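The structure under discussion appears below in the form of structure tokens.
Count residues from 1 along the sequence. Everything numeric in this text was worked out from a predicted model, so none of it was measured.
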Amino acid sequence: MNRWALFIIANIVLLTPTRGAVETLFISGDNVMALPGAKFFTFEWADINASGDAVFSADLQPGVGGVTFANDTTIFKLTGTSLELLARESSGPVPGVSGAEFASFLEVALDDSGNALLRAPLTVGVGGVTSFNNQGVWKFSSGGNVLLARTGSGQVPDLVGASFDSIPTPLRSSTSGDLVLEGMVSGAGINSTNNFGVWKFQSGGSSLLVQETVSTVPGIPAAVFESFAAPVTNNLDQVAVKAILKTVSGVTTANRTGIWQYDGTSGTLLARTGVGGVPGVVGASFQTLDAPLISNSGAVAFHATLSTGASGLWKSTLGTASLKAITSELNVPDVAGASFANFGSLLLSESGQLVTLANLTVGSAGVTSTNSQGLWALGGTAPDRLLLRQGSAGVPGIASANFADVLHYSVGPTGDVLVLASLEVGPGGVTASDNLGLWLLPAVGQSQLLLRSGMQLAGQTITDIALSASAPTTFPDALPGRLNSQGQFFFNATFTSGAMGLFRYNPEPSATGDFDEDGDVDGRDLLVWQRDPRVGDLATWQAKYGNGVGAVSSSTPATTAVPEPHTLGLLGFILAACCFARQPGSSNC
């Protein structure tokens, strides 16, 4: 091969943008630096923050380094390349509970300041722990590790002498670390008429937001709260909560459920069953209301069923709700003549975009049982659109293939959607050993295949992929907040050898708009693009400009590039051309 061909190939490989790099963080059998002598075995769940740091659960290998099945479960925090042990099964110390030890772990979360939240039970019979005081939530931070809430401990904000009877699941916290809990309490001055409430735990202190019977009901002054469910909070000190009213003062079983949004301590009624006035549907009433979601921009989204038999999705902005999608009407984006049959788990991005899995009504517009499932983005600033659909081709990166089933999905702050899905075996040459994939569907730009079973990763062949969630049972298919503002996420992969690994995906700078890789998206990135448009998509820069979306640190050297398909094709073309253009007497390429 002549030297000019080598020069061309080298520059193509170096200059053609990749779609990102996968960092190998830990593999089964790796030494645990934070626990000398111990080795990693399996990985369960994780949460990532805006900096790309994570808190995760891992099981250690029994029989090595003093590890047994009784103490093998751990919680670690990963900051850059630094690993810190936060908690370990059958071990202490337990912040705020002297002499106690953790029995197991239920859920973790990590805020953008690097503070970790942990929900866990304690071992009964150790350190004075009983079945009445063994549940708690802890905060681990550089300023000190503290107990936030615990059953039976007599520590309930604003209710002296009261104790929590239970700690709800899942953890509902904002990216700034604020936590909101609903629960039942008992103790001095507490009885069956006032034992439900909602509490906020913030860096500035903890407080009672609303209490059964005691607090007034915004929008219904004569009514009285009875119970609360699934409150959520954001970075603006706002809370959205579903609540049930007592059947007094004109409240009946048909109109006792509502959704309220609190801004500080001031509340607004957003929706209520049985009273009519459904936005976008004349003459209907809400019949059931699901738990709400809230974004850092203050938008609230929820799913509801109607007295007409239909169901739909609504989003409230500044206290005013509007209809975004409904069943039984021919209003499905990108599927003309079709109607929604039902909706799955709902997610809400910080930009106000709703993402939902849904099924179409079979029998019209060519919809069958094999192509009725899809994933849609609705109600954002961009037009409503179909992201993917089973049985209808259009699989990014795999020509002629069909999606079979969406297994998990997550939405990032700017509306990018991450999807783990299976493919139909057969079309596109898909087999049972390579029918699982991970796709990124960006709000701006082209959808990308990131990873697929059957591929090589960390020198092994992938058999299974799992998106990291903050708890094993958080949502059946939707994973809120697992894709950060840099486009990073954590995932687990299992290999043909039986080993498992924990990985972090880092997008290339061009995927974030940070073309000069200085940690922000500004005018200097535009100058870089003007000098060489190959660094990335200008539309991405326009979408990210001013949003503080930074570049990715590549501090961990164990990375695997995920190339664009055209890079490999072009490289092959050049290699072939070199072979034909070789000088007389040269060896074959």
Side-chain angles (χ1 to χ4, degrees), residues 32 34-38 44-47 55-60 62 65-77 83-111 114-157 159-173 177 179-188 190 199 201-203 205-206 470-473:
V32 182
L35 285 173
E44 295 186 59
W45 17 279
D47 192 29
V55 59
F56 66 92
S57 167
D59 285 341
L60 307 178
V67 175
T68 68
F69 287 107
N71 64 9
D72 61 334
T73 304
T74 55
I75 301 294
F76 288 98
K77 179 184 171 186
L83 187 66
E84 176 188 1
L85 175 67
L86 296 184
R88 184 177 179 183
E89 180 187 17
S90 300
S91 178
V94 175
V97 191
S98 179
E101 63 182 33
F102 290 108
S104 61
F105 305 106
L106 302 176
E107 193 172 2
V108 292
L110 187 68
D111 67 27
N115 303 311
L117 292 174
L118 172 65
R119 185 172 66 87
L122 302 177
T123 301
V124 173
V126 178
V129 175
T130 70
S131 59
F132 297 102
N133 63 11
N134 68 325
Q135 302 287 327
V137 176
W138 287 265
K139 181 178 182 179
F140 293 81
S141 69
S142 58
N145 304 329
V146 296
L147 172 68
L148 294 181
R150 180 188 171 198
T151 57
S153 65
Q155 300 173 4
V156 177
L159 292 180
V160 178
S163 293
F164 285 109
D165 289 341
S166 63
I167 302 295
T169 178
L171 285 176
R172 304 177 189 97
S173 59
L179 173 69
V180 60
L181 297 176
E182 90 280 6
M184 183 183 294
V185 295
S186 59
I190 303 297
W199 287 265
F201 296 83
Q202 301 169 299
S203 57
S206 306
S470 62
T473 57

Any side-chain to backbone donor/acceptor pair from [X] onto [Y]? Under 3.5 Å, distance only.
X    : Y    : result
K77  : G114 : yes
T151 : Q135 : yes
T73  : D59  : no

Qualifying residues under side-chain hydrogen bond (donor to acceptor under 3.5 Å, both in side chains), relative to [X], sequence neighbours excluded:
X    : value
T68  : N71
T130 : N133
D72  : none
Q202 : D237

Heavy-atom side-chain contact between [X] and [Y] under 4.5 Å:
X    : Y    : answer
F76  : T74  : yes
L147 : Q155 : yes
W45  : V55  : no
N115 : L110 : no

Enumerate donor-acceptor pairs with a distance under 3.5 Å from any side-chain N or O in residues 116-125 to protein atoms, sequence neighbours excluded.
unit_1: R119; atom_1: NE; unit_2: E107; atom_2: OE1; d: 3.4
unit_1: R119; atom_1: NH2; unit_2: T169; atom_2: OG1; d: 2.7
unit_1: T123; atom_1: OG1; unit_2: E101; atom_2: OE2; d: 3.3

Problem - Pairs where residues 87-100 contributes a residue and the test salt bridge (Lys or Arg N to Asp or Glu O under 4.0 Å) is met, not counting sequence neighbours - result: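 The answer is none; no pair qualifies.
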Nearest heavy-atom neighbours spanning [X] and [Y]:
X    : Y    : value
V126 : G99  : CG1-O, 3.3 Å
A38  : V67  : CB-CG2, 4.1 Å
S173 : A109 : OG-CB, 3.9 Å
A100 : V129 : CB-CG2, 3.9 Å
I190 : A162 : CG1-CB, 4.1 Å

Practice task
Report yes if the distance between the aromatic ring centroids of F102 and W138 is under 6.0 Å, otherwise no.
Solution key: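 Yes, the ring of F102 comes within the 6.0 Å limit of the ring of W138, centre to centre.
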Practice task
Would you please name every residue forming a side chain to side chain contact (heavy atoms under 4.5 Å, CB included) with S206, sequence neighbours left out?
Solution key: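 By the side chain to side chain contact (heavy atoms under 4.5 Å, CB included) rule, S206 matches P157, F201.
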Exercise for the section: First locate atom CD of E44, then atom CZ of F56, and finally report the distance between them rounded to the nearest 0.5 Å. Expected result: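 Rounded to the nearest 0.5 Å, the CD-CZ separation comes to 11.5 Å.
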Problem - From CG (L85) to CZ (F140), nearest 0.5 Å - result: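 Taking CG in L85 and CZ in F140, the distance rounds to 9.0 Å.
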Handout entry: Partner residues of D47 under the salt bridge (charged side-chain N to carboxylate O under 4.0 Å, His left out) criterion, sequence neighbours left out
Key =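 D47 satisfies salt bridge (charged side-chain N to carboxylate O under 4.0 Å, His left out) with R482 only.
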Problem - By ring-ring contact (aromatic ring centres under 6.0 Å, His included) - contacts of F164 (at least two apart) - result: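 F164 satisfies ring-ring contact (aromatic ring centres under 6.0 Å, His included) with W199 once adjacent residues are dropped.
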Indicate every side-chain donor-acceptor pair of residues 179-186 with a distance under 3.5 Å to a residue at least two apart or in another chain.
unit_1: E182; atom_1: OE1; unit_2: R172; atom_2: NH1; d: 2.9
unit_1: S186; atom_1: OG; unit_2: D165; atom_2: OD1; d: 2.8

